[in-house]
**Q** 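Dropping the structure in here first, questions after.
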Amino acid sequence: MSVLAAAKRLLSTVTDPEIPVVTLDDMGIIRAVTVDADTGVNVVITPTYSGCPAMTQIEDDIVAALQPLGVPVNVSTQLAPAWTTDWMGDAAKEKLRTYGIAPPSRLCGSAVAQPQVMQFIRDAAVVDAVDCPHCGSSETTEASHFGSTPCKALYKCLSCQEPFDYFKPF
Amino acid sequence: MSAHDYWLHLADNALVLGQRNAEWCGHGPILEEDIAMTNNSLDLIGQARMLYQGAAEAIGGGATEDSLAYFRDSQAFKNLTLVELPHHGPLVGYATDNRDYAVTIVRNFLYSALMALVWERLANVANQGLAAIAAKSLKETRYHLRHSHDWLVRFGDGTIESAQRAQAALDYLVPFTQEFWLLTPYEAAAIAAGDAVDVRLLKDDWTQLVSQAVDTAKLQMPAATGYVTQGKFGTHSEHLSYLLAEMQSLARAHPEGVW
(Lines give C-alpha, C1' and ligand atoms only; values in the text may rest on other atoms or scores of the structure.)
Protein backbone atom coordinates (compact mmCIF):
# COMPACT_ATOMS: atom_id res chain seq x y z
CA MET A 1 0.00 0.00 0.00
CA SER A 2 1.32 3.46 -0.83
CA VAL A 3 2.11 5.84 1.98
CA LEU A 4 -0.73 8.07 0.81
CA ALA A 5 -3.28 5.26 0.89
CA ALA A 6 -2.03 4.15 4.30
CA ALA A 7 -2.21 7.72 5.61
CA LYS A 8 -5.74 8.16 4.36
CA ARG A 9 -6.79 4.87 5.90
CA LEU A 10 -5.33 5.82 9.28
CA LEU A 11 -6.88 9.30 9.07
CA SER A 12 -10.32 7.87 8.33
CA THR A 13 -10.37 6.50 11.89
CA VAL A 14 -9.73 9.86 13.61
CA THR A 15 -12.88 11.13 15.27
CA ASP A 16 -14.01 14.60 16.26
CA PRO A 17 -12.88 15.20 19.87
CA GLU A 18 -16.20 16.86 20.78
CA ILE A 19 -18.49 14.45 18.93
CA PRO A 20 -16.70 11.09 18.95
CA VAL A 21 -19.27 9.35 16.72
CA VAL A 22 -18.24 11.27 13.60
CA THR A 23 -14.83 11.25 11.95
CA LEU A 24 -12.90 14.32 10.83
CA ASP A 25 -13.62 13.14 7.28
CA ASP A 26 -17.35 13.03 7.99
CA MET A 27 -17.18 16.62 9.21
CA GLY A 28 -15.21 17.87 6.22
CA ILE A 29 -12.41 19.11 8.50
CA ILE A 30 -9.64 17.34 6.53
CA ARG A 31 -9.27 19.28 3.29
CA ALA A 32 -6.24 17.62 1.70
CA VAL A 33 -3.68 14.88 2.30
CA THR A 34 -0.45 14.79 0.30
CA VAL A 35 2.80 12.88 0.60
CA ASP A 36 6.12 14.50 -0.19
CA ALA A 37 9.38 12.57 -0.29
CA ASP A 38 11.16 15.30 1.70
CA THR A 39 8.58 16.60 4.15
CA GLY A 40 6.49 13.49 4.79
CA VAL A 41 2.72 13.51 5.13
CA ASN A 42 1.05 16.91 4.87
CA VAL A 43 -2.49 17.21 6.16
CA VAL A 44 -4.53 20.36 5.57
CA ILE A 45 -7.39 21.01 7.97
CA THR A 46 -9.88 23.83 8.27
CA PRO A 47 -11.34 25.13 11.53
CA THR A 48 -15.06 24.76 12.06
CA TYR A 49 -15.50 27.92 14.15
CA SER A 50 -12.58 30.32 14.42
CA GLY A 51 -12.37 29.97 18.20
CA CYS A 52 -13.00 26.23 18.30
CA PRO A 53 -10.85 24.95 21.17
CA ALA A 54 -10.86 21.45 19.66
CA MET A 55 -8.53 22.46 16.80
CA THR A 56 -5.30 21.85 18.75
CA GLN A 57 -6.63 18.52 19.93
CA ILE A 58 -7.51 17.64 16.32
CA GLU A 59 -3.95 18.43 15.19
CA ASP A 60 -2.50 16.27 17.98
CA ASP A 61 -4.90 13.43 17.15
CA ILE A 62 -3.88 13.51 13.48
CA VAL A 63 -0.18 13.40 14.34
CA ALA A 64 -0.77 10.53 16.77
CA ALA A 65 -2.87 8.57 14.27
CA LEU A 66 -0.18 8.81 11.59
CA GLN A 67 2.65 7.83 13.95
CA PRO A 68 2.71 4.17 12.72
CA LEU A 69 3.79 5.38 9.26
CA GLY A 70 7.13 6.39 10.72
CA VAL A 71 7.40 9.52 8.58
CA PRO A 72 7.18 13.20 9.56
CA VAL A 73 3.66 14.61 9.76
CA ASN A 74 2.79 18.28 9.16
CA VAL A 75 -0.63 19.64 9.89
CA SER A 76 -1.49 23.03 8.44
CA THR A 77 -4.61 25.13 8.65
CA GLN A 78 -6.43 26.64 5.72
CA LEU A 79 -9.22 29.20 6.18
CA ALA A 80 -10.68 29.45 2.68
CA PRO A 81 -13.11 28.20 1.67
CA ALA A 82 -14.71 28.67 5.07
CA TRP A 83 -15.94 25.46 6.67
CA THR A 84 -19.63 24.84 6.25
CA THR A 85 -22.06 22.25 7.58
CA ASP A 86 -23.02 21.72 3.93
CA TRP A 87 -19.95 19.43 3.71
CA MET A 88 -21.49 16.93 6.13
CA GLY A 89 -22.68 13.86 4.26
CA ASP A 90 -25.93 12.00 4.87
CA ALA A 91 -24.07 9.22 6.70
CA ALA A 92 -22.56 11.77 9.09
CA LYS A 93 -25.94 13.38 9.69
CA GLU A 94 -27.42 9.99 10.51
CA LYS A 95 -24.59 9.28 12.97
CA LEU A 96 -25.26 12.63 14.68
CA ARG A 97 -28.96 11.87 14.93
CA THR A 98 -28.30 8.43 16.46
CA TYR A 99 -25.93 10.10 18.95
CA GLY A 100 -28.72 12.49 20.03
CA ILE A 101 -27.73 15.61 18.09
CA ALA A 102 -30.16 16.89 15.46
CA PRO A 103 -28.17 17.52 12.24
CA PRO A 104 -28.49 20.78 10.27
CA SER A 105 -31.95 20.86 8.73
CA ARG A 106 -30.99 22.98 5.73
CA LEU A 107 -28.06 23.92 3.52
CA CYS A 108 -26.34 27.32 3.80
CA GLY A 109 -24.75 27.96 0.46
CA SER A 110 -21.47 29.88 0.42
CA ALA A 111 -20.95 32.58 3.03
CA VAL A 112 -21.04 35.43 0.57
CA ALA A 113 -24.00 34.02 -1.36
CA GLN A 114 -26.11 33.99 1.79
CA PRO A 115 -28.84 36.57 2.12
CA GLN A 116 -27.62 40.06 2.87
CA VAL A 117 -27.49 41.01 6.51
CA MET A 118 -30.75 42.96 6.36
CA GLN A 119 -32.55 39.92 5.00
CA PHE A 120 -30.82 37.64 7.50
CA ILE A 121 -32.33 39.63 10.36
CA ARG A 122 -35.82 39.28 8.89
CA ASP A 123 -35.25 35.55 8.28
CA ALA A 124 -33.93 35.15 11.80
CA ALA A 125 -37.43 35.53 13.17
CA VAL A 126 -38.13 32.14 11.60
CA VAL A 127 -36.70 29.35 13.73
CA ASP A 128 -35.44 26.25 11.90
CA ALA A 129 -37.89 23.34 11.91
CA VAL A 130 -35.96 20.54 13.59
CA ASP A 131 -37.05 16.96 14.27
CA CYS A 132 -36.32 15.55 17.72
CA PRO A 133 -33.42 13.06 17.46
CA HIS A 134 -34.90 11.04 20.33
CA CYS A 135 -38.51 10.48 19.30
CA GLY A 136 -38.63 11.93 15.77
CA SER A 137 -41.37 14.43 16.62
CA SER A 138 -41.43 17.68 14.65
CA GLU A 139 -43.00 19.46 17.65
CA THR A 140 -39.81 21.11 18.92
CA THR A 141 -38.84 24.57 20.08
CA GLU A 142 -35.59 26.48 20.35
CA ALA A 143 -34.50 27.08 23.95
CA SER A 144 -31.27 28.95 23.20
CA HIS A 145 -29.32 30.01 20.12
CA PHE A 146 -26.13 28.61 21.64
CA GLY A 147 -25.76 25.16 23.15
CA SER A 148 -22.81 23.31 24.68
CA THR A 149 -20.54 24.57 21.86
CA PRO A 150 -20.82 27.51 19.42
CA CYS A 151 -21.81 25.13 16.60
CA LYS A 152 -24.94 23.94 18.39
CA ALA A 153 -28.24 25.43 19.54
CA LEU A 154 -30.29 24.07 22.41
CA TYR A 155 -33.72 22.72 21.50
CA LYS A 156 -36.50 21.08 23.47
CA CYS A 157 -38.92 18.43 22.24
CA LEU A 158 -42.53 19.24 23.08
CA SER A 159 -43.58 15.61 22.56
CA CYS A 160 -41.06 13.63 24.62
CA GLN A 161 -40.00 16.68 26.68
CA GLU A 162 -36.31 15.86 26.20
CA PRO A 163 -33.80 18.64 25.53
CA PHE A 164 -31.37 18.09 22.66
CA ASP A 165 -28.55 19.79 20.76
CA TYR A 166 -29.12 21.02 17.21
CA PHE A 167 -26.12 21.36 14.92
CA LYS A 168 -26.74 24.81 13.40
CA PRO A 169 -26.46 25.33 9.65
CA PHE A 170 -23.23 27.29 9.30
CA MET B 1 1.01 53.94 10.73
CA SER B 2 1.28 50.74 8.74
CA ALA B 3 -0.95 48.48 6.69
CA HIS B 4 -1.24 46.04 9.58
CA ASP B 5 -2.78 48.75 11.80
CA TYR B 6 -6.12 48.08 10.13
CA TRP B 7 -5.81 44.40 11.05
CA LEU B 8 -4.93 45.39 14.62
CA HIS B 9 -8.02 47.61 14.75
CA LEU B 10 -10.25 44.69 13.75
CA ALA B 11 -8.39 42.30 16.06
CA ASP B 12 -8.47 44.65 19.06
CA ASN B 13 -12.22 45.13 18.69
CA ALA B 14 -12.76 41.39 18.76
CA LEU B 15 -10.32 40.69 21.60
CA VAL B 16 -11.51 43.47 23.90
CA LEU B 17 -15.20 42.64 23.45
CA GLY B 18 -14.42 38.93 23.76
CA GLN B 19 -12.63 39.58 27.07
CA ARG B 20 -15.38 41.92 28.28
CA ASN B 21 -18.17 39.48 27.49
CA ALA B 22 -16.22 36.64 29.08
CA GLU B 23 -16.79 38.40 32.43
CA TRP B 24 -20.22 36.77 32.31
CA CYS B 25 -18.67 33.31 32.35
CA GLY B 26 -20.13 31.65 35.43
CA HIS B 27 -22.23 34.75 36.21
CA GLY B 28 -24.80 34.74 33.41
CA PRO B 29 -28.35 35.81 34.29
CA ILE B 30 -29.58 32.36 33.26
CA LEU B 31 -27.62 29.23 32.40
CA GLU B 32 -28.42 29.37 28.68
CA GLU B 33 -27.20 32.96 28.42
CA ASP B 34 -24.07 32.18 30.42
CA ILE B 35 -23.25 29.57 27.77
CA ALA B 36 -24.33 31.78 24.86
CA MET B 37 -22.15 34.69 25.97
CA THR B 38 -19.15 32.41 26.55
CA ASN B 39 -19.57 30.97 23.05
CA ASN B 40 -19.85 34.51 21.71
CA SER B 41 -16.52 35.34 23.38
CA LEU B 42 -14.94 32.19 22.00
CA ASP B 43 -15.84 33.27 18.46
CA LEU B 44 -14.55 36.80 19.03
CA ILE B 45 -11.25 35.65 20.51
CA GLY B 46 -10.91 33.19 17.62
CA GLN B 47 -11.41 36.05 15.15
CA ALA B 48 -8.85 38.14 17.05
CA ARG B 49 -6.31 35.30 16.90
CA MET B 50 -6.59 34.93 13.13
CA LEU B 51 -6.14 38.69 12.67
CA TYR B 52 -3.24 38.95 15.13
CA GLN B 53 -1.50 36.04 13.41
CA GLY B 54 -1.80 37.86 10.10
CA ALA B 55 -0.64 41.15 11.60
CA ALA B 56 2.29 39.47 13.39
CA GLU B 57 3.45 38.01 10.09
CA ALA B 58 3.33 41.48 8.48
CA ILE B 59 5.11 43.11 11.42
CA GLY B 60 7.85 40.47 11.62
CA GLY B 61 10.73 40.90 14.05
CA GLY B 62 9.50 38.15 16.35
CA ALA B 63 6.00 39.54 16.78
CA THR B 64 3.43 36.86 17.61
CA GLU B 65 -0.29 36.81 18.28
CA ASP B 66 0.57 36.64 21.99
CA SER B 67 2.97 39.58 21.92
CA LEU B 68 0.30 41.68 20.21
CA ALA B 69 -2.45 40.67 22.63
CA TYR B 70 -0.50 40.65 25.89
CA PHE B 71 2.42 43.02 25.52
CA ARG B 72 0.91 46.17 24.08
CA ASP B 73 -0.39 48.91 26.37
CA SER B 74 -3.74 50.63 26.11
CA GLN B 75 -2.53 53.50 23.91
CA ALA B 76 -1.44 50.97 21.29
CA PHE B 77 -4.91 49.40 21.15
CA LYS B 78 -7.07 50.59 18.27
CA ASN B 79 -10.44 49.21 19.35
CA LEU B 80 -13.66 51.19 19.37
CA THR B 81 -14.41 52.74 22.76
CA LEU B 82 -17.83 51.04 22.73
CA VAL B 83 -16.35 47.57 23.21
CA GLU B 84 -14.22 48.44 26.25
CA LEU B 85 -17.02 49.90 28.39
CA PRO B 86 -18.08 47.92 31.48
CA HIS B 87 -21.43 46.13 31.53
CA HIS B 88 -23.22 49.01 33.23
CA GLY B 89 -24.26 52.59 32.63
CA PRO B 90 -22.26 55.75 33.32
CA LEU B 91 -20.86 56.24 36.80
CA VAL B 92 -18.70 58.90 38.41
CA GLY B 93 -15.04 58.29 39.17
CA TYR B 94 -14.15 54.85 40.44
CA ALA B 95 -17.71 53.89 41.38
CA THR B 96 -18.73 50.43 40.25
CA ASP B 97 -22.08 48.82 39.77
CA ASN B 98 -23.55 45.39 39.11
CA ARG B 99 -23.35 44.16 35.57
CA ASP B 100 -26.50 44.93 33.60
CA TYR B 101 -27.32 42.38 30.90
CA ALA B 102 -29.26 45.03 28.95
CA VAL B 103 -25.97 46.91 28.40
CA THR B 104 -24.31 43.67 27.27
CA ILE B 105 -27.07 42.89 24.78
CA VAL B 106 -27.42 46.40 23.38
CA ARG B 107 -23.65 46.73 22.92
CA ASN B 108 -23.44 43.33 21.21
CA PHE B 109 -26.29 44.31 18.95
CA LEU B 110 -24.79 47.67 17.93
CA TYR B 111 -21.39 46.09 17.33
CA SER B 112 -22.61 42.91 15.56
CA ALA B 113 -24.79 44.99 13.24
CA LEU B 114 -21.70 46.97 12.24
CA MET B 115 -19.43 43.95 11.90
CA ALA B 116 -21.93 41.89 9.90
CA LEU B 117 -21.87 44.71 7.33
CA VAL B 118 -18.08 45.10 7.56
CA TRP B 119 -17.29 41.38 7.19
CA GLU B 120 -19.75 41.12 4.32
CA ARG B 121 -17.73 43.72 2.39
CA LEU B 122 -14.30 42.48 3.53
CA ALA B 123 -15.13 38.98 2.27
CA ASN B 124 -14.67 40.44 -1.22
CA VAL B 125 -11.41 42.39 -0.82
CA ALA B 126 -8.35 41.48 -2.90
CA ASN B 127 -6.24 40.46 0.10
CA GLN B 128 -7.04 36.75 0.26
CA GLY B 129 -5.98 36.35 3.87
CA LEU B 130 -8.34 39.07 5.04
CA ALA B 131 -11.13 37.88 2.74
CA ALA B 132 -10.87 34.36 4.22
CA ILE B 133 -11.01 35.66 7.80
CA ALA B 134 -13.96 37.89 6.88
CA ALA B 135 -15.93 35.07 5.25
CA LYS B 136 -15.45 32.95 8.37
CA SER B 137 -16.20 35.76 10.82
CA LEU B 138 -19.30 36.78 8.89
CA LYS B 139 -20.96 33.44 9.59
CA GLU B 140 -20.25 33.77 13.31
CA THR B 141 -21.22 37.43 13.51
CA ARG B 142 -24.58 36.70 11.93
CA TYR B 143 -25.37 34.34 14.81
CA HIS B 144 -24.21 36.98 17.31
CA LEU B 145 -26.44 39.54 15.60
CA ARG B 146 -29.37 37.17 15.64
CA HIS B 147 -28.82 36.42 19.33
CA SER B 148 -28.53 40.05 20.42
CA HIS B 149 -31.40 41.15 18.16
CA ASP B 150 -33.62 38.49 19.68
CA TRP B 151 -32.83 39.60 23.24
CA LEU B 152 -33.15 43.28 22.39
CA VAL B 153 -36.72 42.61 21.26
CA ARG B 154 -37.43 40.46 24.33
CA PHE B 155 -36.17 43.20 26.64
CA GLY B 156 -37.80 46.11 24.82
CA ASP B 157 -41.11 44.35 24.35
CA GLY B 158 -40.88 42.55 27.70
CA THR B 159 -41.61 43.85 31.18
CA ILE B 160 -41.61 47.49 32.28
CA GLU B 161 -38.30 46.89 34.06
CA SER B 162 -36.62 45.18 31.08
CA ALA B 163 -37.85 47.89 28.67
CA GLN B 164 -36.56 50.66 30.95
CA ARG B 165 -33.16 49.05 31.24
CA ALA B 166 -32.91 48.36 27.50
CA GLN B 167 -33.85 51.98 26.77
CA ALA B 168 -31.31 53.26 29.29
CA ALA B 169 -28.64 51.06 27.70
CA LEU B 170 -29.50 52.40 24.24
CA ASP B 171 -29.47 56.00 25.47
CA TYR B 172 -26.06 55.42 27.06
CA LEU B 173 -24.40 53.46 24.25
CA VAL B 174 -25.73 54.94 20.99
CA PRO B 175 -23.61 58.13 21.31
CA PHE B 176 -20.48 55.91 21.31
CA THR B 177 -21.45 54.68 17.82
CA GLN B 178 -20.50 58.08 16.38
CA GLU B 179 -16.94 56.83 16.56
CA PHE B 180 -17.74 54.02 14.05
CA TRP B 181 -17.87 56.56 11.22
CA LEU B 182 -14.59 58.36 11.86
CA LEU B 183 -11.91 57.62 9.33
CA THR B 184 -8.46 56.91 10.79
CA PRO B 185 -5.29 57.36 8.71
CA TYR B 186 -4.70 53.58 8.73
CA GLU B 187 -8.20 52.95 7.39
CA ALA B 188 -7.73 55.57 4.68
CA ALA B 189 -4.45 53.92 3.65
CA ALA B 190 -5.99 50.43 3.64
CA ILE B 191 -8.97 51.67 1.63
CA ALA B 192 -6.64 53.24 -0.91
CA ALA B 193 -4.88 49.88 -1.22
CA GLY B 194 -8.25 48.17 -1.75
CA ASP B 195 -7.92 46.09 1.41
CA ALA B 196 -10.48 47.71 3.69
CA VAL B 197 -14.06 48.82 3.70
CA ASP B 198 -14.86 52.51 3.95
CA VAL B 199 -16.98 52.25 7.05
CA ARG B 200 -18.66 55.60 6.33
CA LEU B 201 -20.44 53.97 3.39
CA LEU B 202 -22.11 51.51 5.78
CA LYS B 203 -23.72 54.14 7.98
CA ASP B 204 -27.07 54.21 6.18
CA ASP B 205 -27.45 50.42 6.15
CA TRP B 206 -26.41 50.22 9.80
CA THR B 207 -28.79 52.99 10.85
CA GLN B 208 -31.66 51.33 9.01
CA LEU B 209 -30.88 47.91 10.51
CA VAL B 210 -30.59 49.28 14.05
CA SER B 211 -33.64 51.58 13.78
CA GLN B 212 -35.81 48.72 12.53
CA ALA B 213 -34.73 46.52 15.43
CA VAL B 214 -35.28 49.29 17.98
CA ASP B 215 -38.71 49.83 16.48
CA THR B 216 -39.53 46.11 16.65
CA ALA B 217 -38.43 46.18 20.29
CA LYS B 218 -40.85 49.08 20.91
CA LEU B 219 -37.99 51.27 22.10
CA GLN B 220 -36.97 54.79 21.08
CA MET B 221 -33.87 55.34 18.96
CA PRO B 222 -31.84 58.00 20.79
CA ALA B 223 -29.87 60.64 18.90
CA ALA B 224 -26.18 59.90 18.38
CA THR B 225 -24.85 63.20 19.67
CA GLY B 226 -22.37 64.59 22.17
CA TYR B 227 -18.68 63.90 22.62
CA VAL B 228 -17.22 61.69 19.88
CA THR B 229 -14.89 59.10 21.41
CA GLN B 230 -11.52 58.34 19.79
CA GLY B 231 -10.72 54.74 20.71
CA LYS B 232 -9.84 53.67 17.19
CA PHE B 233 -7.18 56.42 17.18
CA GLY B 234 -5.70 54.98 20.41
CA THR B 235 -7.28 57.42 22.86
CA HIS B 236 -9.35 55.33 25.23
CA SER B 237 -11.66 55.61 28.21
CA GLU B 238 -10.25 54.74 31.63
CA HIS B 239 -11.89 51.32 31.41
CA LEU B 240 -9.54 49.76 28.86
CA SER B 241 -6.46 49.81 31.11
CA TYR B 242 -8.28 47.89 33.84
CA LEU B 243 -9.51 45.33 31.35
CA LEU B 244 -6.03 44.88 29.89
CA ALA B 245 -4.43 44.72 33.35
CA GLU B 246 -6.59 41.75 34.21
CA MET B 247 -6.23 40.08 30.80
CA GLN B 248 -2.48 40.59 30.45
CA SER B 249 -1.32 39.97 34.04
CA LEU B 250 -0.74 36.23 33.67
CA ALA B 251 1.22 36.51 30.43
CA ARG B 252 3.32 39.34 31.87
CA ALA B 253 4.00 37.51 35.13
CA HIS B 254 5.25 34.49 33.18
CA PRO B 255 6.66 35.90 29.93
CA GLU B 256 7.27 33.27 27.30
CA GLY B 257 5.46 30.70 29.41
CA VAL B 258 3.73 28.03 27.37
CA TRP B 259 1.12 25.42 28.19
Side-chain angles (χ1 to χ4, degrees), chain A residues 18 31 46-57 60 76-86 104 108-128 142-156 163 165-170, chain B residues 14 18 30-51 53-54 112-113 115-121 123-124 128-129 131-151 153 202 205-206 208-209 212-213 216 259:
Chain A
E18 276 289 328
R31 303 311 299 160
T46 194
T48 52
Y49 280 68
S50 53
C52 180
M55 290 316 291
T56 319
Q57 185 65 45
D60 291 350
S76 57
T77 302
Q78 171 189 303
L79 288 182
W83 182 81
T84 167
T85 46
D86 295 0
C108 292
S110 82
V112 268
Q114 282 176 31
Q116 298 280 298
V117 168
M118 305 290 278
Q119 184 62 38
F120 183 82
I121 277 287
R122 283 189 283 273
D123 293 350
V126 185
V127 173
D128 284 353
E142 187 185 65
S144 179
H145 295 323
F146 293 89
S148 51
T149 59
C151 54
K152 289 175 265 171
L154 189 63
Y155 269 64
K156 190 173 82 176
D165 272 338
Y166 169 50
F167 211 114
K168 289 182 283 194
F170 184 74
Chain B
I30 53 171
L31 181 60
E32 287 80 359
E33 281 309 290
D34 194 308
I35 294 166
M37 205 46 63
T38 314
N39 279 318
N40 188 296
S41 282
L42 199 62
D43 286 342
L44 289 168
I45 292 167
Q47 293 168 10
R49 286 192 61 189
M50 296 189 292
L51 291 158
Q53 285 164 7
S112 310
M115 291 314 294
L117 296 167
V118 168
W119 295 130
E120 204 168 72
R121 304 306 189 285
N124 295 309
Q128 292 190 350
I133 294 171
K136 190 136 204 67
S137 304
L138 174 59
K139 287 162 163 252
E140 293 162 358
T141 303
R142 282 179 156 162
Y143 275 113
H144 301 170
L145 180 59
R146 188 189 154 191
H147 171 262
S148 53
H149 179 271
D150 186 69
W151 276 99
V153 173
L202 305 177
D205 277 356
W206 181 88
Q208 193 193 346
L209 202 167
Q212 277 178 7
T216 309
W259 291 105

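This is a predicted model, so every value here is computed, not measured. A, B, ... follow the sequence lines: proteins, then strands. Residue 1 opens every chain.
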**Q** Using a cut-off of under 4.5 Å for heavy-atom pairs, which of A:C52, A:P169, A:A143 has the most such pairs with chain B?
**A**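 So the answer, after comparing A:C52, A:P169, A:A143, is A:P169.
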**Q** What part of B:I45 gets within 4.5 angstrom of chain A, counting heavy atoms only: side chain, backbone, both, or neither?
**A**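 When you check distances to chain A, no heavy atom of B:I45 falls under 4.5 Å.
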**Q** Does a side-chain heavy-atom distance below 4.5 Å link B:E140 with A:S50?
**A**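 Of all side-chain heavy-atom pairs linking A:S50 with B:E140, at least one is under 4.5 Å.
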**Q** Would you say B:D43's side chain and A:Y49's backbone share a donor-acceptor pair under 3.5 angstrom?
**A**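 Not at all, since once roles are kept as given, no pair shorter than 3.5 Å links the two residues.
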**Q** Less than 4.5 Å to any heavy atom of chain B: does that hold for the side chain of A:P81, its backbone, both, or neither?
**A**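 No part of it gets close to chain B.
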**Q** Per the side chain to side chain contact (heavy atoms under 4.5 Å, CB included) rule, which among B:M37, B:H147, B:E33, B:E32 passes with A:F146?
**A**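 Among B:M37, B:H147, B:E33, B:E32, the one meeting side chain to side chain contact (heavy atoms under 4.5 Å, CB included) with A:F146 is B:H147.
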**Q** Out of A:T84, A:L154, A:T149, which one racks up the most heavy-atom pairs below 4.5 Å with chain B?
**A**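 The answer is A:T149.
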**Q** So which atom in A:A80 and which in B:A132 form the shortest heavy-atom distance, rounded to 0.1 Å?
**A**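 Between these two residues, the closest heavy atoms are CB-CB, 3.7 Å.
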**Q** Is A:T56 in contact with chain B via its backbone, its side chain, both, or neither, using a 4.5 Å heavy-atom distance?
**A**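 A:T56 has no heavy atom closer than 4.5 Å to chain B.
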**Q** With a 4.5 Å limit on heavy-atom distance, are the side chains of B:K136 and A:P47 in contact?
**A**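 In short, these two side chains touch, coming nearer than 4.5 Å.
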**Q** Check B:N39 against A:G147 and note the closest heavy-atom contact, atom names and distance.
**A**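 In terms of heavy atoms, the two residues are closest at ND2-O, 3.0 Å.
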**Q** Measuring from A:T48:OG1 to B:K139:NZ, what's the distance to the nearest 0.5 Å?
**A**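 Output value for this atom pair is 10.5 Å.
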**Q** A:A153: what forms a side chain to side chain contact (heavy atoms under 4.5 Å, CB included) with it, not counting sequence neighbours?
**A**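 Side chain to side chain contact (heavy atoms under 4.5 Å, CB included) check on A:A153 returns A:E142, A:Y155, A:Y166, A:K168.
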